[in-house]
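To keep things clear, I will list the structure first and then write my remarks on it.
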Amino acid sequence: MIKFDNVSKRYPGGHQALSQVDFELADGEMAFLTGRSGAGKSTLLKLIMLMETSSQGQIFVNGKNLSRMPSHRIPFYRRRIGVVFQDHQLLFDRNVFENVALPLQIEGYPKHEADRRVRAALDKVGLLKKEKMLPITLSGGEQQRIGIARAVVNRPQILLADEPTGNLDPELAAEIMNLFEQFNQVGVSMLIASHDLSLITRLQHRILTLDNGRLVHDAHHTAAGAQPKGVKQ
Amino acid sequence: MSRRASGAKTSSRTARGALQSHWQQHLKIASDSFKRLLQQPSATLMTIAVIGIALLLPSTLFVSMNNLNALSDNINGASKITLYLHDNHNEVEALQVSEQLLQRESIATATYVSPAQAAAEFSVYSGLGDVIEALEENPLPGSIIVTPARIDANTAQALAEELAQINIVSSTQLDLEWVERLQRFLQLVQRASTGLMLILALAVLFIVGNTIRLAIEGRRAEIVVVKLVGGTNSYVARPFLYAGAYYGLAGSLLACIMLGLLMWAVSGPARALLALYDSDFQLRTLGFSSTLLLLLIGTGLGWLGALISVRQHLTDIEPA
């Protein structure tokens, strides 16, 4: 589903964000991307979103080579990918419902169809009763769930998340991860950047570890696998 | 399977449904961007007022030109060619000639004025009746006053030259020079006002362009989010284009209203002035089709100004 082939990214200032990254994420797979701040997690996700382009190497998403994608195709490509941001990226002058409806509005869904899908997504994240409220009046965890509902409302094949639990307390963070696992179970491929090792090692999925822009570790975590100390099962 | 379900849904959406939702989408964006303008009434009104004033000036010029042209047509009808007759002409013959002239299509009226009538008129209008009476002989020649059916400087000149060939005519005087001057003057004003209109149209483009640029800046965060979830440049641009068109439409409506008030204010004095000249000339207003044209031009200019601004500023905003 996602394939990085010897990908490097150097920013105009000279900062080498990624060096020769190679990995492949299968259709329907769920993986975590971890590493310290500045290790290149966000850059990697931005490359998949085509918010940045690689300086070297090639990225394939769903068989398509991203470096060959003409700029007018990019919006249509992005519609097939759901993204959850750490800072939510919500529109604060619109209510919960309108925020979630945005991707469908852009795609030009008929209203009744859009309404149905928005309600389904809100139901999934447990915000159906708050659809008329403004995001600013909701808690951080609820705002994050609006972001998730928006990311999945047009049923993307791939869901990316950049530190989705960064600002949440452990209990809420676990809830959010649980939600992601549910999406993964219905076939959505997922790549989630998180530095919350204790949380992600508990969820037995593949973990890609970045260090200084290099992919230093790639392992499928099972209960039997090596785990950092002090993590409860 | 969420993915498969999504694929099936997408393909099952009929072309008609897609078209319908396309219009739904347009309608929604149109009404959203209208509401957005209403949310900042004072800023919106200021912009509309500036556009209105910028459009008022050329439309006032247009109406003035229209009136002056109509007025000059009116005046042209009053221009005339005077045929002075030989001193020894026969009055019967002169009347016959003027009858014959009336038969011509190129001539609207032909009136014979005998030397005696001329002397009488001169006494009345000049107040120098005593001088005429003091003279032994009437010094004034008989004349035929001709009004051409169609007046423009060239054909009137040709007609005058032709009439000079008639045997009892000693000389002709074409009373057209001032009409020609008036026409040249009108041409000058017309050219100048066309230039001014173009400049003011440009001003409207800049006003709308700048307003839209500020609106784009104010909504930068929102634009980034929309682009992140797959909004195309044209989708992001649409509300701004609608806003530009609204500004233009409202500005031109305001210009129409101000022009109407202006016309109403000057109509009284204008009528009084024209009455002094015994003219039955009616002041011309903008009229239905010109009003429609003004609204169309205003809306078009607003849209174009927004388009230019969007092209310049919107594509720069990319999520990063």
Side-chain angles (χ1 to χ4, degrees), chain A residues 1 11 27-28 46 49-52 62 71-83 85 87-94 98-114 116-117 147 150-159 182-189, chain B residues 1-33 35-40 215 218-239 311 314-320:
Chain A
M1 186 52 80
Y11 282 105
D27 190 1
K46 281 180 178 175
M49 280 304 283
L50 277 171
M51 291 158 75
E52 297 288 350
N62 213 356
S71 58
H72 71 269
R73 293 297 312 163
I74 293 176
F76 302 96
Y77 162 74
R78 284 183 184 149
R79 291 175 191 179
R80 305 274 74 85
I81 300 177
V83 194
F85 303 90
D87 56 357
H88 323 318
Q89 298 274 14
L90 301 175
L91 301 176
F92 287 101
D93 60 344
R94 305 188 192 188
E98 289 164 334
N99 265 283
V100 176
L102 184 67
L104 302 180
Q105 227 180 68
I106 288 170
E107 278 198 68
Y109 272 79
K111 196 177 177 306
H112 59 275
E113 168 92 11
R116 204 176 54 73
R117 286 200 181 200
R150 187 184 65 190
V152 300
V153 74
N154 58 357
R155 298 176 191 162
Q157 295 154 268
I158 300 170
L159 191 62
Q182 287 176 34
F183 290 125
N184 178 240
Q185 275 156 21
V186 294
V188 183
S189 311
Chain B
M1 297 301 284
S2 153
R3 223 181 91 223
R4 307 238 165 87
S6 149
K9 279 281 178 225
T10 313
S11 60
S12 74
R13 279 164 60 200
T14 60
R16 200 174 143 202
L19 192 70
Q20 203 181 358
S21 69
H22 178 78
W23 285 112
Q24 265 182 5
Q25 191 187 34
H26 259 276
L27 210 67
K28 171 141 178 53
I29 292 174
S31 76
D32 279 354
S33 71
K35 283 180 204 148
R36 206 172 275 275
L37 293 184
L38 295 183
Q39 276 164 11
Q40 299 171 310
R219 293 172 68 186
R220 178 177 274 273
E222 180 185 342
I223 292 166
V224 167
V225 172
V226 170
K227 283 196 175 184
L228 271 177
V229 297
T232 55
N233 277 332
S234 54
Y235 177 85
V236 180
R238 218 163 281 154
R311 281 273 155 85
L314 204 55
T315 43
D316 293 348
I317 301 177
E318 281 297 332

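Labels below follow one simple rule: chain letters A, B, ... track the order of the sequence lines, proteins then strands, and each chain is numbered from 1.
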Give, as side chain, backbone, both or neither, the part of V236(B) having an atom under 4.5 angstrom from any heavy atom of chain A. neither
Could you go through E98(A) and Q105(A), starting from their C-alpha distance and side-chain angles, then the distance that decides it, and tell me whether this counts as side-chain contact (heavy atoms from CB on, under 4.5 Å)? CA-CA 9 Å; E98(A) 289 164 334; Q105(A) 227 180 68; 5.7 Å; no
Any salt bridge (Lys or Arg N to Asp or Glu O under 4.0 Å) involving residues 224-239 of chain B? Give me the pairs, sequence neighbours left out, ordered by first then second residue. K227(B)-E318(B)
Between I29(B) and chain A, which part of the residue has a heavy atom less than 4.5 Å away: side chain, backbone, both or neither? neither
If one checks every heavy atom of F85(A) against chain B at 4.5 Å, the contacting part turns out to be side chain
Under the side chain to side chain contact (heavy atoms under 4.5 Å, CB included) test, residues paired with F76(A) that sit two or more places apart: R73(A), R79(A), T232(B)
Where L314(B) and I223(B) come nearest, the two heavy atoms and their spacing: CD1-CD1, 3.5 Å
